[in-house]
Amino acid sequence: MADKFYVKRRIEFCETDAAGIAHFASYLCYMEQAEHDLLRSLGLSVCEPQPDGWHLSWPRVHVECDFEGSAKFEDVLDISVHVSRLGKKSVTYEFGFTRGVQAIANGRVIAVCCNVKPGLPLQPTAVPQKYLDLLNRFHESLDCLH
């Protein structure tokens with residue numbers, strides 16, 4: 001079984017709707033923040049300058065989130081992150097949101113590895129070996145699934 005990375009996130013007032021419930025779009029930011037925290041914990045970044053003036057970055061090509069409960073202002077969410085797929089040019093992250101023992105939401109993000117330079121089109125590229133090596137710890141291969 002792959003390791004999971006965990007972070008905590010308090011719901012801020014500006015992230016709620018008129019009823020004081022965390023707005024659905026806030027979960028997209030929570031997923032991105034948890035991904036960045038995971039990468040930073042490994043000494044990596046979501047935007048790394050390259051010697052040739054380009055930046056290695058990870059544009060999203062797919063995002064989804066299913067809700068099982070709700071969270072309100074001041075609630076603290078536990079967010080788990082693991083990698084469900086390490087592709088040649090992409091990484092798929094899975095996120096679980098809980099408050100205590102209550103399931104709140106599950107999400108998924110597919111990010112494509114790209115070389116980025118202002119004014120030029122994105123250039124998809126192979127995921128660098130150092131990312132593959134470090135993220136593999138959080139990768140759940142299909143062989144492990146029931």
Side-chain angles (χ1 to χ4, degrees), residues 1-12 14-16 21-118 120-146:
M1 193 74 166
D3 286 347
K4 287 187 179 182
F5 180 79
Y6 293 92
V7 296
K8 290 187 178 291
R9 180 69 162 74
R10 183 177 305 279
I11 306 297
E12 301 294 338
C14 64
E15 300 163 345
T16 65
I21 298 170
H23 191 269
F24 74 91
S26 296
Y27 287 84
L28 304 182
C29 293
Y30 303 156
M31 289 188 284
E32 184 173 64
Q33 291 164 355
E35 173 201 351
H36 293 187
D37 285 346
L38 167 62
L39 292 174
R40 275 195 288 289
S41 79
L42 298 172
L44 303 172
S45 177
V46 73
C47 185
E48 288 193 6
Q50 303 298 299
D52 60 4
W54 290 75
H55 282 78
L56 185 73
S57 193
W58 300 86
R60 280 79 178 105
V61 295
H62 180 85
V63 178
E64 64 183 65
C65 194
D66 295 313
F67 299 92
E68 301 176 39
S70 62
K72 296 182 176 164
F73 171 59
E74 296 284 5
D75 283 350
V76 175
L77 297 178
D78 293 302
I79 306 169
S80 66
V81 185
H82 76 273
V83 175
S84 61
R85 183 174 182 278
L86 281 171
K88 182 178 177 185
K89 294 184 179 183
S90 67
V91 176
T92 303
Y93 296 97
E94 304 283 341
F95 303 86
F97 296 86
T98 57
R99 184 184 60 243
V101 296
Q102 182 184 5
I104 301 297
N106 291 293
R108 182 165 68 113
V109 171
I110 301 173
V112 172
C113 187
C114 287
N115 285 313
V116 178
K117 196 169 195 178
L120 296 175
L122 299 175
Q123 295 183 355
T125 189
V127 176
Q129 191 62 48
K130 71 177 180 178
Y131 279 78
L132 296 172
D133 293 344
L134 293 167
L135 287 172
N136 194 52
R137 170 178 157 200
F138 301 97
H139 179 236
E140 185 174 320
S141 70
L142 292 176
D143 297 335
C144 297
L145 299 177
H146 301 286

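Every value quoted in this text rests on a predicted model; they were computed, and no experiment measured them.
The CD atom of Gln102 sits 10.0 Å away from atom CG of Leu77, with the distance rounded to the nearest 0.5 Å. To the nearest 0.5 Å, atoms CD (Glu64) and CG (Leu28) are separated by 11.0 Å. In this structure, the separation between CG on Leu134 and OG on Ser41 is 9.0 Å, given to the nearest 0.5 Å. Between the SG atom in Cys65 and the CZ atom in Arg108 there is a gap of 12.0 Å [rounded to 0.5 Å]. Between the NZ atom of Lys130 and the CG atom of Leu42 there is a distance of 11.0 Å, given to the nearest 0.5 Å. Between the OG1 atom in Thr92 and the NE2 atom in His82 there is a gap of 10.0 Å [rounded to 0.5 Å].
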Applying side chain to side chain contact (heavy atoms under 4.5 Å, CB included) to Leu56 and Asn115, what does each step give before you reach the verdict?
CA-CA 5 Å; Leu56 185 73; Asn115 285 313; 4.0 Å; yes

Take Val83 and Tyr93 through the side chain to side chain contact (heavy atoms under 4.5 Å, CB included) test and state the conclusion after the steps.
CA-CA 5 Å; Val83 175; Tyr93 296 97; 4.0 Å; yes

As a quick check of understanding, evaluate side chain to side chain contact (heavy atoms under 4.5 Å, CB included) for Leu86 and Val91, giving each step before the final call.
CA-CA 5 Å; Leu86 281 171; Val91 176; 4.0 Å; yes

Kindly determine whether Lys72 and Ile11 satisfy side chain to side chain contact (heavy atoms under 4.5 Å, CB included), including the steps that lead there.
CA-CA 7 Å; Lys72 296 182 176 164; Ile11 306 297; over 6 Å; no

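Shortest non-hydrogen contact noted between Glu48 and Tyr131 is OE2-OH, 2.8 Å. Closest approach of Leu39 to Leu135, counting heavy atoms only: CD2-CD2, 4.2 Å. Across every non-hydrogen atom of Phe67 and Ala105, the tightest pair is CD2-CB, 3.8 Å. Closest approach of Asp52 and Lys117 over heavy atoms only: O-NZ, 4.0 Å. Heavy-atom minimum distance, Ile104 versus Ser70: CD1-O, 3.4 Å. Considering every non-hydrogen atom in both Glu12 and Phe73, the closest pair reads C-CD1, 3.6 Å.
Between Val61 and Ser90, every side-chain heavy-atom pair lies at or beyond the 4.5 Å cut-off. Using a 4.5 Å heavy-atom cutoff, the side chains of Ser80 and Phe95 are not in contact. Gln123 is not listed as a side-chain neighbour of Cys114, based on a closest heavy-atom distance of 4.5 Å or more. Between Glu35 and Leu38, the closest side-chain pair of non-hydrogen atoms is not below 4.5 Å. Met31 places none of its side-chain heavy atoms less than 4.5 Å from the side chain of Arg60. Using a 4.5 Å heavy-atom cutoff, the side chains of Glu32 and Val109 are not in contact.
Listed by first then second residue, pairs satisfying salt bridge (Lys or Arg N to Asp or Glu O under 4.0 Å) with a partner in residues 91-106 read Asp75-Arg99, not counting sequence neighbours.
By the 4.0 Å N-to-carboxylate-O rule, Arg40 lies close enough to Asp37 to be salt-bridged with it.
Scanning for side-chain contact (heavy atoms from CB on, under 4.5 Å) contacts around Lys8 gives Val76, Asp78, with sequence neighbours left out. Contacts of Glu68 classified as side-chain contact (heavy atoms from CB on, under 4.5 Å), with partners at least two apart in sequence or in another chain: Ala103, Asn106.
Of the residues Phe24, Tyr6, Tyr27, the one that meets the ring pair (Phe, Tyr, Trp, His ring centres under 6.0 Å) test with Phe97 is Tyr27.
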